[in-house]
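We're numbering straight along the sequence, starting at 1. From a predicted model like this one, the values you see are computed outputs, not experimental measurements.
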Amino acid sequence: MSEFVRNIRLWFAPERVRDEGATPDYRFSLANERTFLAWLRTALALIGGGFAVDQFLPDLRWGARVGLALALLAAGVLCSLRAVNHWVRCERAIRRGEDLPASRFPALLSLVVAVVAVAMVVVVLVGWEG
């Protein structure tokens, strides 16, 4: 079974993470949980931003509006899925005494948000009359 599939199974059975390694100092697990919640808040903000673009920019050309909204919504979905996967991977590493897993996701998310922000700057400067 691949590591990714194993991690997905642990999303729905987090008590099985306890079968690995030793019980860590609870502060590390709580810090991991706070990071998970921060990722979820980011996901909710991205999803809210996607809906805001769609609902509050009706004069923006349909393709541009939908493209920006879908980019933000997709980033929110990916961020929420990544949050739980990262939580499981970090919890397992903490319990095993391993280094925390590296991730390229923050860079990818930053690029998506930057592209949407640049597109919004263009919309503001050029105007949104189709």
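For the pair S80 (side chain) and V77 (backbone), a donor-acceptor distance under 3.5 Å is present. In this structure, S29 contributes its side chain and D25 its backbone to no donor-acceptor pair below 3.5 Å.
Following chains of ILVMFWY side-chain contacts shorter than 4.5 Å, one cannot reach F56 starting from V66, and the two form parts of different hydrophobic clusters. Cluster annotation: F105 is connected to L72 through the hydrophobic network of ILVMFWY side chains, with a link wherever side-chain heavy atoms come within less than 4.5 Å. Cluster annotation: V121 and V115 are assigned to distinct hydrophobic clusters (Ile/Leu/Val/Met/Phe/Trp/Tyr, side-chain heavy-atom contacts under 4.5 Å, transitive). Under a hydrophobic clustering in which Ile, Leu, Val, Met, Phe, Trp and Tyr are joined whenever their side-chain heavy atoms come within less than 4.5 Å, directly or via other members, V84 and I8 fall into the same cluster. Under the 4.5 Å side-chain heavy-atom criterion for Ile, Leu, Val, Met, Phe, Trp and Tyr, V113 and L78 are members of the same hydrophobic cluster.
Annotation for F28: atom CZ does not count as buried by contact number, only 12 or fewer foreign heavy atoms lying within 6.0 Å. Other residues, nucleotides and ligands contribute at most 12 non-hydrogen atoms within 6.0 Å of the CG atom of D99.
Counting only heavy atoms from C-beta outward, the side chains of R95 and R18 approach each other to under 4.5 Å. Using a 4.5 Å heavy-atom cutoff, the side chains of L109 and C79 are in contact. For the pair L60/L68, a side-chain contact is recorded, criterion being any heavy-atom separation below 4.5 Å from C-beta on.
Of the inter-residue distances, the one linking R6 atom CZ with R16 atom CZ reads 6.5 Å to the nearest 0.5 angstrom. To the nearest 0.5 Å, atoms CG (N7) and CZ (R9) are separated by 12.0 Å. Taking CG from L10 and CD from E15, the interatomic distance works out to 9.0 Å, rounded to the nearest 0.5 Å. One distance of note links CG of N32 with CZ of R27; it measures 15.0 Å at 0.5 Å rounding. For the atom pair CG (L30) and CZ (F36), the distance works out to 14.0 Å, reported to the nearest 0.5 Å.
A salt bridge does not link E20 with R89: none of the charged nitrogens is closer than 4.0 Å to a carboxylate oxygen.
Of all heavy-atom pairs spanning W87 and P14, the tightest one is CH2-CB, 3.7 Å. The minimum heavy-atom distance linking M120 with L57 is given by the pair CE-CD1, 3.6 Å. A pairwise comparison of heavy atoms in R82 and S103 identifies NH2-OG, 2.5 Å as the closest pair. The nearest pair of heavy atoms linking V88 to W11 is CG2-CD1, 3.7 Å.
Under the side-chain contact (heavy atoms from CB on, under 4.5 Å) criterion, V112 pairs with A75, not counting sequence neighbours.
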Pairs under 3.5 angstrom only: tabulate donor-acceptor contacts from the side chains of residues 37-54 to other protein residues two or more places apart or in another chain.
residue, atom, partner, partner atom, Å
T42, OG1, A38, O, 3.0
D54, OD1, R65, NE, 3.2

